Structures are given as C-alpha cells and as structure tokens.
Amino acid sequence: MGTRRDARLCSSQVARPKLKETTMLDLKFVQKNLDAVSQGLKKRCKTEPDVAEFARLDEARIALIREAEGLKAERNQGSAEVAKLKRAGQDASELMAAMSKMGERIKELDAELAVIEASESDWLLKMPNIPHESTPEGAGEEDNPVLRHWGVKPELSFPPKEHWELGQALGGLDFERAGKITGSRFCVSFGWAAKLERALGAFMLDCAAENGYTEVLTPFMVNKQAMTGTGQLPKFEEDLFKIEGQEYYLIPTAEVPVTNLHAGEVMEEDQLPTAYVALTPCFRSEAGSYGKDTRGLIRQHQFHKVELVRFSHPEKSMADLELLTSHAEMVLQRLGLHYRVIALCGGDLGFSSCKTYDIEVWLPGQNKYREISSCSNFQDFQARRANIRFKAKGAKKSEFLHTLNGSGLAVGRALVAVLENGQQADGSVILPEALRPYMGGLDRITMK
RNA sequence: GGAGGGGUGGCCGAGCGGCUCAAGGCGGUGGUCUUGAAAACCACUGACGGGUAACCGUCCGGGGGUUCGAAUCCCUCCCCCUCCGCCA
C-alpha cells in the first residue's frame with residue numbers, strides 16, 4: 001500500500017497553520033464565475049441567490065479600494081518627506097498637519113470598506129456549493145435515483161420487530177434511564193449493546209485501515225473557524241450544540257475536525273490522496289425534526305460515527321468519490337447487510353457538497369431502507385473556505401485541493417441494522433460472522 | 001488557577017518609531033565551472049489585492065488604539081514554551 005503518509009505528515013505539521021481570511025479567495029472565484037454560479041445553483045431548486053446584489057457590493061468595494069489606496073500612496077510619500085525634512089533639521093509641521101487630515105479621510109474609507117467587505121463575505125459564506133453536472137435533477141428526496149442494490153432482504157418467517165423492541169427486550173437498550181439522566185433522544189447501552197457498539201466501531205476502523213486510511217483521534221469540540229471551514233457555519237448554527245460561555249461547538253461529525261486538520265496548509269502533491277478515518281461521537285441538536293424518528297436509535301442527539309475523509313487531487317476527486325463509496329459499502333458487505341445506493345438530486349444535496357451518494361441499509365423492522373452512510377465530494381468548496389491547498393511538482397503557485405468524506409459507517413444505525421436483520425423468531429439476534437471476533441466469539445444475543 | 005518567557009517570509013533568525021518599502025542564513029530555481037555529480041561562485045526566489053501597464057497598496061499571531069509615519073509604543077484576545085498548584 002502506498003497510501004500511508006504518517007511520517008511525512010508529522011514533519012509537515014510542525015508549523016502551525018496561519019489562517020487567512022478566506023473572503024478574498026471566494027470573491028475572486030465568484031467574480032470570475034458569476035454566471036456559472038447563478039446557473040449552477042438553480043439545480044438546487046432553492047431560492048436563487050441575488051447575484052446582482054453581489055455585483056453591486058463588489059463594484060463599491062473596488063471603488064473604495066482605489067480611492068483609499070491612492071491616498072495611502074500619497075501618505076507614504078508625505079511621511080517619507082517628513083522624515084527627510086526632520087533629518088535636515090527643517091520644519092515639517094505644515095506637511096504633518098496635511099497628512100493628519102488625509103489620515104482621517106483614509107480611516108473613513110477603510111471603515112466603509114470594512115462594512116462592504118463584511119456584507120460581501122456574508123453573501124459568499126451563505127452561498128452553497130454548485131452541484132456537479134452529474135448530480136441528477138430533482139426537487140427532493142423522492143427524486144433521488146437508485147443506482148444499485150447489494151445482497152437481498154432476509155427472509156423472515158415471522159413479523160419482524162423494530163430494533164428498540166429487540167434491544168429493550170434483550171436488556172441492552174435503555175431509553176427511559178437516558179431520559180432521566182439527560183433527556184429525550186439519548187440512549188444508554190448495557191452489556192452486549194455497549195460492547196456491540198464498540199465492536200462495530202473497531203471493526204469499521206479496521207476496514208478503513210485496510211483501505212489505506214490513517215486513524216486519527218481529534219477533539220470533539222471545535223472553534224468557529226473550523227465550523228466555517230467545512231460549511232456548518234454561518235448558516236446552520238441552530239443545528240449545533242454550543243458550549244456556553246465559550247466559542248466552542250460540539251462536533252456534528254468528524255468531518256469538521258478532520259477536514260480542518262490541514263486548514264491553512266499547503267500540501268505536497270505526492271501527499272495526495274491523504275486519507276483519514278476517525279471514530280467520534282457526533283452531536284446534533286436535531287432542531288426542526290420534531291416528531292421524526294422519535295423512537296429508537298435512528299435520530300439521536302449523540303451517536304457514534306466512523307468517518308472517512310480524503311484530501312484529493314482535483315483531477316482525481318470524482319473517481320475518488322467512487323472509491324470512497326466503495327469503502328463504505330465494503331463494511332456493509334462484510335456484515336452481510338442488504339443495502340442500496342442512491343444519488344442525491346440537486347434539491348436534496350447538502351450545502352457544501354457538489355455530489356453525494358447515500359447508502360441505505362435495509363431495516364426489516366421498519367420495512368424500509370434507511371441512510372447509513374453519505375459520501376460526498378466537496379471539490380474545492382471546503383478547501384477554499386478552510387484554505388487547504390497543494391503545490392504541484394514544479395508548479396509556482398499552489399492551488400486548492402479537493403476534499404471528500406463519507407460515513408464508514410454510522411455506528412448507531414449499523415447496530416440497528418444488525419439487530420433488525422439478525423433477529424430470530426425466538427427474539428434472539430444472530431451476529432454477523434465478521435463481528436464475532438470483536439465480541440469475544442459471541443455469535444448470538446439471547447435473553448438471559 | 002498562579003508566575004515568567006515567547007509568536008517575524010517555505011524553515012531558522014536579526015530588528016524594538018523614519019537609510020528596513022524585514023538584515024543574514026538555510027532551503028528552492030536558474031547559471032558559471034565540470035565528462036557527469038559534488039563543492040565553490042553568481043543571479044533569482046513570499047502571499048493577497050488594485051491597475052492594460054509602469055506601478056501602487058496591504059500583510060511581522062488576531063483585533064483595536066497612539067502617530068505625519070508602527071514589526072517596533074499602548075490596550076485586548078488567541079496560541080506555544082518553562083516553573084508552581086490542581087487533576088484523569
């Protein structure tokens with residue numbers, strides 16, 4: 001395997017990244033692609049961005065820059081003149097007074113400029129990524145085409161139960177006690193369930209390692225800049241848990257800390273692709289999903305997820321999305337779980353993504369396919385916001401690389417799938433063979 | 001939590017109000033020399049923005065202030081290091 005880069009990574013990370021304001025980078029891009037941006041965004045079927053407003057702001061910005069810079073050039077000359085006069089022992093008070101007046105005007109202009117730039121930056125940061133040409137047209141979920149299936153639905157000779165029934169009956173899942181110590185949308189796992197959660201996580205990490213991913217363990221809280229870099233902020237603050245009294249947020253996915261590992265850095269071309277895997281808890285406020293999936297593990301405020309993240313060469317990122325998706329699928333295949341892969345249409349696409357595949361696992365208890373992984377190519381959208389670049393061999397300039405990520409997989413939902421697919425008529429659950437080594441050889445969960 | 005010391009271009013490091021529009025070194029690129037390489041020597045070598053261009057502007061951890069003029073002075077925040085305390 002030639003994809004492990006641990007040693008090189010360490011040496012290149014000695015220097016702390018200096019984060020630049022990303023506004024200017026965004027600006028240039030939109031300026032040059034104003035029409036393409038406006039056309040591309042139509043595919044999202046949401047309200048159209050006010051491109052004219054942006055153009056107006058940008059014109060005002062450039063006019064202000066020209067005026068302010070002209071004055072600054074004069075001021076610099078004047079100051080040099082003052083220095084010359086003083087060294088010659090001559091009086092410079094008149095010139096100093098004139099420069100002082102000019103300084104005030106410059107300050108005014110700079111203040112105006114700051115306001116314009118803030119508006120422009122806000123406009124840009126709230127603009128979603130442009131869907132890839134291969135992203136299908138469509139307004140919402142119901143328009144997502146199914147691309148392929150793997151495996152078959154298990155044939156059960158009895159009416160299947162939902163996972164919470166099974167989990168509670170087998171003494172593993174306890175929602176009531178979680179409600180007592182925290183609140184709704186939390187769960188306590190006991191015994192086999194706690195161990196199964198751990199087993200699934202370890203199994204998934206090992207799969208990823210086989211595929212060349214370097215395991216990382218990151219903080220579960222990040223700052224505002226990181227959240228902005230991957231696109232959660234400024235638009236989706238209400239979905240996040242924020243630490244009171246501090247500018248830290250609980251991560252909604254490992255995508256945030258892992259992608260931002262290289263924020264502000266310039267990577268070497270031969271470091272690409274760099275692939276990481278992280279198992280972290282994920283915290284989501286689930287604001288706006290009241291009444292949805294209120295029972296069971298499907299939609300929790302806290303859940304574990306194994307996340308695959310790739311930093312790719314721009315020319316290879318679309319191929320890398322297929323590869324990444326196949327890595328996520330591999331986990332389900334080894335667990336013997338039936339699933340299908342769908343492509344998200346423009347109207348269902350996430351804010352930062354240009355193309356996304358969802359993997360949906362079959363849940364007999366619910367009698368539906370449910371999302372268990374979401375694999376996306378962000379192209380340079382996140383790289384631009386987080387300022388992550390690479391330098392091609394022999395190239396003078398560095399350029400933005402492409403970032404991708406996908407769940408490999410959502411651990412809680414995988415546990416749901418294992419329970420519902422492995423259930424037997426007697427209420428016990430047969431475990432997939434691949435998991436047994438992680439469960440101390442246990443092959444079946446039974447009533448005590 | 002307490003007390004100190006620091007954050008300067010890809011890296012190291014000087015500068016502590018105006019001959020510095022950041023010295024010097026390392027690294028990188030090109031050249032001379034050489035059969036080739038090394039060494040030596042010479043030249044070039046940051047980012048971003050504005051401008052057709054010449055050129056101009058901004059950037060010395062972030063933000064604010066003082067000044068005709070700030071890497072340099074003041075305020076504030078962040079991060080790193082050392083010691084003490086506490087703690088898994």
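Just so we're clear, the structure is a prediction, and the values are computed from it rather than from any experiment. All chains are named by letter (A, B, ...) in the order of the sequence lines, taking the proteins before the strands, and each is independently numbered beginning at 1.
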Completion exercise
In Watson-Crick or G-U wobble terms, with both distances under 3.5 Å, the base opposite B/A47 is B/U58
Handout entry: A/Tyr249 and A/Gln232: side chain donor to acceptor below 3.5 Å
Key = no
Practice task
Using the P atom as the reference point in each nucleotide, state the distance between B/C12 and B/G18 in Å, no decimals.
Solution key: 26 Å
Problem - Pairwise C1' distance, B/U76 and B/C26 [rounded to whole Å] - result: 36 Å
Problem - Among B/C79, B/G18, B/G57, the one nearest A/Ala73 by side-chain distance - result: B/G57
Practice task
Among the candidates B/G57, B/G51, B/G69, find the nucleotide nearest to the side-chain atoms of A/Arg66.
Solution key: B/G51
Exercise for the section: For B/A23 and B/C16, measure between their C1' atoms and round to the nearest Å. Expected result: 14 Å
Practice task
Provide the distance between the two C1' atoms, one in B/U67 and one in B/G13, to the nearest whole Å.
Solution key: 29 Å
Handout entry: Centroid-centroid under 6.0 Å between A/His262 and A/Tyr276 rings
Key = yes
Exercise for the section: Look at all strands and tell whether A/Met99 reaches a base, only sugar-phosphate, or nothing, counting heavy atoms closer than 4.0 Å. Expected result: sugar-phosphate
Practice task
Just name whichever nucleotide pairs with B/A3, Watson-Crick or G-U, keeping both distances under 3.5 Å, else none.
Solution key: B/U82
Fill in the blank from the handout: If pairing means Watson-Crick or G-U wobble with both distances under 3.5 Å, then the partner of B/C73 is B/G65
Exercise for the section: Describe the nucleic acid contact of A/Lys86 in one word from base, sugar-phosphate, nothing, applying a heavy-atom distance below 4.0 Å. Expected result: base
Handout entry: Residues A/His402 and A/Gln379: side-chain donor-acceptor under 3.5 angstrom
Key = no
Practice task
Would you mind telling me which of B/C68, B/G57, B/G18 lies closest to the side-chain atoms of A/Arg87?
Solution key: B/G18
Exercise for the section: Quote, to the nearest angstrom, the C1' distance that separates B/C48 from B/A38. Expected result: 39 Å
Exercise for the section: Please measure how far the P atom in B/C33 lies from the corresponding atom in B/A70, and state the result in whole Å. Expected result: 49 Å
Exercise for the section: Among the candidates B/G57, B/C68, B/G50, find the nucleotide nearest to the side-chain atoms of A/Lys72. Expected result: B/G57
Handout entry: Test of ring centre spacing under 6.0 Å for A/Phe381 and A/Phe351
Key = yes
Problem - Base-pairing mate for B/C41 - Watson-Crick or G-U, with both contacts under 3.5 Å - result: B/G31
Handout entry: Spacing of the C1' atoms in B/G85 and B/C74 (rounded, Å)
Key = 32 Å
Practice task
Looking at every strand, decide which applies to A/Lys101 at a 4.0 Å heavy-atom threshold: base, sugar-phosphate, or nothing.
Solution key: nothing
Practice task
Sticking with atom C1', work out how far B/G62 lies from B/C11, rounded to a whole angstrom.
Solution key: 23 Å
Practice task
May I ask you to decide if A/Glu286's main-chain N or O and A/Ser289's side chain share a donor-acceptor pair within less than 3.5 Å?
Solution key: yes
